[in-house]
Amino acid sequence: MATDFNTHHLSVNELTAHNINAPTMDHNDNKSLDSPLIDNDLNDLERGVDDYLNDDFRLNYCLNKIVLVNSASHAYSEIPIDEPLVLLGKNNRGKTSSLAATKLILYPEVNFNNCESKFNFTNKANDPYSKEESYKNYFPISESFIAVEVKNHAGLFTMLLYRVGDYKYHRLFFPVPYEEIKPFIWNEQTNYFADELGIKSLIEVQKKLGGYTSPPSKNYKM
């Protein structure tokens, strides 16, 4: 049974995704986490993602969906990835770069330096994209975001990547499913961006929800 994935393109052609009813693939490790990834008891904003993920435990988790906002040729798209899917669309419409965004999500990186060897984003001729090209593709403007909804044994949380200038990007963590922060990004009533879309408003939401930022920073250069 084919299903459309939730996408709202304002200036690019719409892609479609179809459920091919294959088994869901999860990332499973031998050890489980004793507390949620987003846990108010942590309260240690000085610990970055690298330190947190490299502790003496491992994480069992599953990526549910990727949300691209003004990124990778998308105006706004939600792509479910908790089930195998097929993306259909014309050439150079962002199919490959949409899924390649998982590298930015999963790799313990915070910039596009040495992009060719670090991420290996390539074109049809297998030529690597430069850091300038890659940064412009994923974070062309200050209102560009990449979000991922993640599930572990403690429940659902959302990680959001945003640009900070100088070919860098940082992460916000929200201890809630993506649907709870979606109204601050996308307005379902108007089928357009939220009026207050921006990193400052999202940071305020994140603080109220008790999430954290990695790496910690008080200055947000766009």
Side-chain angles (χ1 to χ4, degrees), residues 5-12 14-15 37-38 40 43 45-46 48-49 63-80 94 97-98 100-107 109-113 115 131-150 156-222:
F5 81 79
N6 186 4
T7 179
H8 303 277
H9 282 205
L10 304 182
S11 59
V12 296
E14 181 175 346
L15 305 176
L37 180 59
I38 304 301
N40 290 333
N43 289 329
L45 298 184
E46 295 305 317
V49 173
L63 307 184
N64 283 352
K65 71 171 69 174
I66 295 175
V67 182
L68 298 164
V69 184
N70 295 317
S71 178
S73 299
H74 296 256
Y76 179 89
S77 294
E78 296 181 20
I79 306 175
S97 63
S98 299
T102 54
K103 294 182 179 181
L104 300 176
I105 293 167
L106 296 176
Y107 290 9
E109 302 290 345
V110 294
N111 61 61
F112 284 82
N113 295 335
C115 181
K131 71 175 183 179
E132 293 84 2
E133 293 171 317
S134 298
Y135 193 67
K136 184 177 180 180
N137 180 53
Y138 288 108
F139 299 104
I141 60 176
S142 59
E143 291 78 22
S144 295
F145 304 102
I146 300 174
V148 58
E149 182 183 82
V150 185
L156 295 174
F157 65 92
T158 302
M159 177 171 67
L160 182 138
L161 281 61
Y162 64 98
R163 60 176 278 166
V164 291
D166 298 327
Y167 305 106
K168 298 177 182 178
Y169 57 95
H170 287 179
R171 296 169 172 85
L172 296 180
F173 289 86
F174 302 80
V176 295
Y178 174 73
E179 287 300 313
E180 293 193 30
I181 65 170
K182 180 176 180 178
F184 302 97
I185 297 174
W186 186 259
N187 188 325
E188 291 281 7
Q189 300 299 319
T190 62
N191 202 37
Y192 197 70
F193 299 110
D195 292 339
E196 301 298 323
L197 176 63
I199 188 56
K200 290 184 178 180
S201 64
L202 288 169
I203 288 174
E204 289 302 315
V205 173
Q206 173 248 2
K207 288 180 178 178
K208 291 178 181 178
L209 292 172
Y212 71 98
T213 304
S214 180
S217 175
K218 295 181 179 179
N219 299 315
Y220 300 97
K221 178 181 177 182
M222 301 304 169

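Side-chain atoms are counted along with the backbone in the values below, which use heavy atoms only and exclude waters and symmetry mates. Values in this document were obtained by computation on a predicted structure and should not be read as measured data.
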Chemist: Asn111 and Tyr169: which non-hydrogen atoms are nearest, and at how many Å?
Modeler: N-CE2, 3.6 Å
Chemist: Side chains of Val176 and Leu156: closer than 4.5 Å at any heavy-atom pair?
Modeler: no
Chemist: Do Tyr178 and Asn64 have side chains that get closer than 4.5 Å, going by heavy atoms?
Modeler: no
Chemist: Take Met159 and Ile105, measure what side-chain contact (heavy atoms from CB on, under 4.5 Å) needs, and give me the verdict at the end.
Modeler: CA-CA 8 Å; Met159 177 171 67; Ile105 293 167; 3.3 Å; yes
Chemist: Is it true that Lys65 and Glu179 have a side-chain N and a carboxylate O under 4.0 angstrom from each other?
Modeler: yes
Chemist: So, taking the atom named OG1 in Thr213 and the one named CG in Leu172, what distance separates them when rounded to the nearest 0.5 Å?
Modeler: 5.0 Å
Chemist: What's the shortest heavy-atom distance between Phe139 and Ile146, and which atoms?
Modeler: CZ-CD1, 4.0 Å
Chemist: Mind checking ring-ring contact (aromatic ring centres under 6.0 Å, His included) for Phe184 and listing every partner two or more places apart, or none if nothing turns up?
Modeler: none
Chemist: With sequence neighbours left out, write down each residue that passes side-chain contact (heavy atoms from CB on, under 4.5 Å) with Lys136, or none if nothing qualifies.
Modeler: none
Chemist: Over 60° means perpendicular and under 30° means parallel, so tell me whether Phe112 and Tyr135 are parallel, tilted or perpendicular.
Modeler: perpendicular
Chemist: Who are the side chain to side chain donor-acceptor pair (under 3.5 Å) partners of Glu133, not counting sequence neighbours?
Modeler: Ser130
Chemist: So that I can tick it off, tell me whether Lys182 and Glu78 are bridged by a salt bridge, with the cut-off set at under 4.0 angstrom between side-chain N and carboxylate O.
Modeler: yes
Chemist: Can you give me the closest heavy-atom contact between Pro175 and Leu209, atom names plus distance?
Modeler: CG-O, 3.2 Å
Chemist: Mind listing the closest non-hydrogen atom pair of Leu160 and Leu202 along with its distance?
Modeler: CD1-CD1, 4.2 Å
Chemist: Considering non-hydrogen atoms only, spot the tightest contact between Ala72 and Ser97 and give its length.
Modeler: CB-OG, 3.7 Å
Chemist: Please report the C-alpha distance between Tyr162 and His170 in whole Å, then the side-chain angles of each, then the deciding distance to 0.1 Å, and finally whether the side-chain contact (heavy atoms from CB on, under 4.5 Å) criterion is met.
Modeler: CA-CA 6 Å; Tyr162 64 98; His170 287 179; 3.5 Å; yes
Chemist: Any chance you could measure Ser144, atom OG, to Leu161, atom CG, to the nearest 0.5 Å?
Modeler: 11.5 Å
Chemist: For a 4.5 angstrom cut-off between non-hydrogen side-chain atoms, does Phe174 reach Val205?
Modeler: yes
Chemist: To the closest 0.5 Å, what do you measure between CZ (Phe157) and CZ (Phe173)?
Modeler: 7.0 Å
Chemist: Let me confirm one number: the OH-SG distance from Tyr138 to Cys115, rounded to the nearest 0.5 Å.
Modeler: 9.0 Å
Chemist: When rounded to the nearest 0.5 angstrom, what distance separates OG in Ser142 from NZ in Lys200?
Modeler: 10.0 Å
Chemist: Hey, are His74 and Ser98 close enough side-chain-wise for a donor-acceptor pair under 3.5 Å?
Modeler: yes
Chemist: So, for Tyr107 and Arg171, which heavy atoms are closest and what is the spacing to 0.1 Å?
Modeler: O-NH2, 2.9 Å
Chemist: Any donor-acceptor pair under 3.5 Å linking the side chain of Ser201 with the backbone of Gly198?
Modeler: yes
Chemist: Taking ring-ring contact (aromatic ring centres under 6.0 Å, His included) as the definition, give me every residue that meets it alongside Phe145, ordered by chain and number, with sequence neighbours left out.
Modeler: none
Chemist: Taking Gln206 for the side chain and Tyr212 for the main chain, is one N or O donor matched with an acceptor at less than 3.5 Å?
Modeler: yes
Chemist: What residues, two or more places apart in sequence or in another chain, satisfy salt bridge (Lys or Arg N to Asp or Glu O under 4.0 Å) together with Lys131?
Modeler: none
Chemist: I'd like to check the side chain to side chain donor-acceptor pair (under 3.5 Å) partners of Asn70; sequence neighbours left out, ordered by chain and number.
Modeler: none
Chemist: Could you tell me if the side chain of Ile185 sits less than 4.5 Å from the side chain of Val69, heavy atoms only?
Modeler: yes
Chemist: Can you check whether Tyr76 reaches Val67 side chain to side chain, under 4.5 Å on heavy atoms?
Modeler: yes
